[in-house]
There are 2 protein chains.
Amino acid sequence: MGTDFDNGITDLNLEDIARLSGVSRSTVSRVVNHHPNVSEITRRKVLEIIERYNFKPHPAARALASQRANIIGILIPHIVSDLFTDPFFSILLQGITTAANSVNYSPILWLTSANVDESAFYDQVFNDRLADGMIVASATVNASFIKRLDQRGKPYIIIGRPFTAYEQSSYVDSENEQGARMMVEHLIKQGRRRIGMITGRSGLTSSHDRLQGYISALQHADIPIDMRLITPAGDYSDASGYTGMKLLLHHRIDAVFAANDVMAASAMRAIKEAGLRIPEDIAIGGFDDMGISRTTEPQLTTVQQPITQLGDYAVRGLIDLLEGRVEPPFQQMLPVKLIVRQST
Amino acid sequence: MGTDFDNGITDLNLEDIARLSGVSRSTVSRVVNHHPNVSEITRRKVLEIIERYNFKPHPAARALASQRANIIGILIPHIVSDLFTDPFFSILLQGITTAANSVNYSPILWLTSANVDESAFYDQVFNDRLADGMIVASATVNASFIKRLDQRGKPYIIIGRPFTAYEQSSYVDSENEQGARMMVEHLIKQGRRRIGMITGRSGLTSSHDRLQGYISALQHADIPIDMRLITPAGDYSDASGYTGMKLLLHHRIDAVFAANDVMAASAMRAIKEAGLRIPEDIAIGGFDDMGISRTTEPQLTTVQQPITQLGDYAVRGLIDLLEGRVEPPFQQMLPVKLIVRQST
DNA sequence: AAATATTGTGGGAGCGCTCCCAAACTTGTT
DNA sequence: AACAAGTTTGGGAGCGCTCCCACAATATTT
């Protein structure tokens, strides 16, 4: 035998492996696919040859024969233009791809782009025949979108509860409302009463739910809602956190809840520039618990959201749907956790 | 005929389309693949049927028969953990996927992850049989990596000139050195003499080249290099820009060049906190020209790098290699541009 | 020991394309 | 009118798997 085929790609196929190990194509196939009815002895024999030649079944052939490509589509909207400084989608993407790889699925990526015709783009997405299923970031989702997704006839999971038709669709989401509420209750427990909120991008359920949590916490504490303390134009970006905070500073607040850490960090800058102390004059809480929350001065109290796990559950859920182990809708809410640091 | 097959996926195949349009499988195949030898009249006839039924050839079948899957792999290292606040990779990713889609290729994504065994991960990457070619972010690249890439026997393109073996490998890169030099020459022209530099993450050619440009500009102006004015620990992150600037402030500089916009923005914060004015006391320049550079106060002078085009050229180059239209190494340097705003 | 159930193995057909070759039809040339 | 050369079309083989069914080998029951 040769010596250094160890690393390169061998162009052997099932048939070759079968011949080399003295069995039939079918048996090799069974071994490769972990089918039960193979005797231990032949299994070993075949596996040895497979190892030796570093044989990997041809994915296209497999996909053609089985009508499953082991590919999942990931659709994420305008990742760049809008959510510039927010690493949420990067982390999510990483979570999804890692989870997919761990179960031998390949992720193919669809990112909308400003300078590309949207309708042509979505035609491409929905006509795709490669992906067995899709994971969709909810920001893209509206009623007609869900309809097309359904028409496609393949399973999908939405990351983030959609506004539309969410009773029937499959999604994975964090307990945004509960998290926000926990944060605001924490602020109240610290004796804060005039609590502002810097909201997230409108049109996203995460923003809606976090605002809802803020409102509900105040209501339960019998603190009247003051609309002037809710910034209308937050959008999860660094810039909007800064300007949002500037506005709130006109209303002598003693605490603020920012709908994500990025905005909280820039709000902290605004607070400091106004000559106020954190947390003595103004306490501040964020949401996400990403890297930044530990690098701010003082460190940021925040709500930890399991972004990576969001991807994880989405992948597992999708594959469960794919393999018929579970019936849609598959819906999963992941718990969040209050992380108290120095900013409150 | 039915009425609403307009949008759903039809499960017709070439054979069906052939029957419906009264020609043979082969002819339909020719039409689909834009082969020349089809008479105008049959082409039209077939196209009409294809449109009507929204027929798309089955990618797996096509891949199996042609041994080309129209898939490109994208490999990006530790996007999250390290380059947290730097949207460079997000924009790049968007550029690549958009370019790929426009030529009917699907991008599959490989992201390294901290909590996954690296060697297993790379085994997966290199044993992948799906992708026809790969686009690799240079941060991952070392000699043994390139060797395995070569062994794979499929074309690849590195984004960002690698340190190793770059004479033989295919890459696309920006004129980092030239850009840095333009920036520093600009600062010198403004009368600045004590110019600091906040460097990028070590181990990347972009960091190296930008530092090189800084040095060469100073040398050409006969300004001695003062090692104390070069921060050793920059890494393109927000935090490192801030702390780097704090250090430089001990050395009464009158200008600073940050190796990217993210660090420039946080350096500006440090400058302001020290009570100094921009650009009167300290002029500052960045690199990249991403969204941030327009939201800083004052707006940031920077070097515009064509990130999206980087992805574009990488995809086109890869496909040229794939289709044998060009011989490796394919190497392309993209021009950069000095954008003067208010910070200098 | 024979009959039956269980487990293990091989071969054929088929997934939906591409690509080659041969046949049929055009067109042009002498 | 006969032939060469070019253009257009159809059919077969094959890409490398999966999956079903039939058969062989072994284990279990009576």
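Hydrogens, waters and symmetry mates are skipped; everything else that's a heavy atom, side chains included, is used. Being a predicted model, the structure only gives us computed values, none of them experimental.
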Asks: Describe the nucleic acid contact of Glu15(B) in one word from base, sugar-phosphate, nothing, applying a heavy-atom distance below 4.0 Å.
Replies: nothing
Asks: Between Asn13(B) (CG) and dT18(C) (C1'), how many Å, whole number?
Replies: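 About 14 Å, once rounded to whole Å.
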Asks: Using only modelled atom types and a 3.5 angstrom limit, is any donor from either the side chain of Ser26(B) or the base of dG11(D) paired with an acceptor on the other?
Replies: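 Answer is yes: a donor-acceptor pair is held.
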Asks: Nearest whole angstrom, please: distance from the P of dG10(C) to the CG of Leu14(A).
Replies: 13 Å
Asks: Check whether any side-chain N or O of His35(B) sits under 3.5 Å from a backbone N or O of Asn37(B) as a donor-acceptor pair, and report yes or no.
Replies: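 Side chain of His35(B) to backbone of Asn37(B), a donor-acceptor pair under 3.5 Å: no, none is there.
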Asks: Ile17(B) has an atom CD1; how far is it from atom C1' of dG16(C), in whole Å?
Replies: 12 Å
Asks: Determine whether a donor-acceptor pair (N or O, by modelled atom type, separation under 3.5 Å) exists between the side chain of Arg161(A) and the backbone of Val172(A).
Replies: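 No, Arg161(A) side chain to Val172(A) backbone: no donor-acceptor pair under 3.5 Å.
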Asks: Think Ser39(A) has a side-chain N or O under 4.0 angstrom from the OP1 or OP2 of dT9(C)?
Replies: yes
Asks: What's the closest nucleotide to the side chain of His58(A) if the choices are dC19(C), dT18(D), dG16(D)?
Replies: dG16(D)
Asks: Looking only at N and O atoms, is any donor in the side chain of Arg30(B) or the base of dG10(D) less than 3.5 Å from an acceptor on the other one?
Replies: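 Yes.
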Asks: Can you tell me if the side-chain N/O atoms of Asn33(B) get under 4.0 Å from OP1 or OP2 in dT18(C)?
Replies: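 It does, given that an N or O in the side chain of Asn33(B) lies less than 4.0 Å from OP1 or OP2 of dT18(C).
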Asks: Reading DNA chain D from 5' onward, which residue's closest nucleotide shows up sooner: Ala65(A) or Val23(B)?
Replies: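 Whichever sits nearer the 5' end wins; that is Val23(B).
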Asks: Between the side chains of Asn127(B) and Asn54(A), is a donor N or O closer than 3.5 angstrom to an acceptor N or O?
Replies: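 On atom types as modelled, these side chains qualify, holding a pair under 3.5 Å.
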Asks: Does Asn37(A) or Arg25(B) map to a spot on DNA chain C nearer the 5' end, using the closest nucleotide for each?
Replies: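 In this pair, the answer is Asn37(A).
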Asks: Over how many whole Å does the gap from Asn70(B) atom CG to dG16(C) atom P extend?
Replies: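 One finds 19 Å between P of dG16(C) and CG of Asn70(B), rounded.
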Asks: Please report whether the ring centroid of Phe126(B) lies less than 6.0 Å from that of Phe145(B).
Replies: yes
Asks: Which of the following nucleotides, dC19(D), dT9(D), dC15(C), is nearest to the side chain of Val38(B)?
Replies: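 Closest nucleotide to the Val38(B) side chain: dT9(D).
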Asks: Are Gln67(A) and dG16(C) close enough that a side-chain N or O sits under 4.0 Å from OP1 or OP2?
Replies: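 Yes, Gln67(A) has a side-chain N/O under 4.0 Å of OP1/OP2 on dG16(C).
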Asks: Counting only side-chain N and O atoms of Ser29(A), is one of them less than 4.0 Å from OP1 or OP2 of dC19(D)?
Replies: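 Checking dC19(D) against Ser29(A), no side-chain N or O comes under 4.0 Å of OP1 or OP2.
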Asks: Between Thr42(B) and Ser39(B), do the side chains contain an N or O donor and an N or O acceptor separated by less than 3.5 Å?
Replies: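 Result is yes, a qualifying pair exists.
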Asks: Mind calculating the distance between NE2 (His35(A)) and C1' (dG10(C)) to the nearest angstrom?
Replies: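 Atom-to-atom, His35(A) to dG10(C), this comes out as 15 Å.
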Asks: So, is Thr42(A) near the phosphate of dT9(C), with a side-chain N or O under 4.0 Å from OP1 or OP2?
Replies: yes
Asks: Using whole Å, report how far CG of Asp11(A) lies from P of dC15(D).
Replies: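 Between P of dC15(D) and CG of Asp11(A): 12 Å.
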Asks: Do Arg43(A) side-chain and dG8(C) base share a donor-acceptor contact under 3.5 Å?
Replies: no
Asks: Can you tell me how far P of dG16(D) sits from CZ of Arg62(B), to the nearest Å?
Replies: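 Nearest whole value for this atom pair: 18 Å.
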Asks: For residues Tyr156(A) and Asp150(A), is any side-chain donor paired with an opposing acceptor at under 3.5 Å?
Replies: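 Yes - a donor-acceptor pair under 3.5 Å links their side chains.
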Asks: Take atom CD1 of Ile41(B) and atom P of dT9(D), then tell me their distance rounded to the nearest Å.
Replies: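 My rounded result for the distance is 9 Å.
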Asks: How is Val32(B) classified with respect to the nucleic acid when contacts are heavy atoms under 4.0 Å: base, sugar-phosphate, or nothing?
Replies: nothing
Asks: Looking at Ser24(A), I'd like to know whether one of its side-chain N or O atoms comes within less than 4.0 Å of OP1 or OP2 on dG10(C).
Replies: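 Checking dG10(C) against Ser24(A), a side-chain N or O does come within under 4.0 Å of OP1 or OP2.
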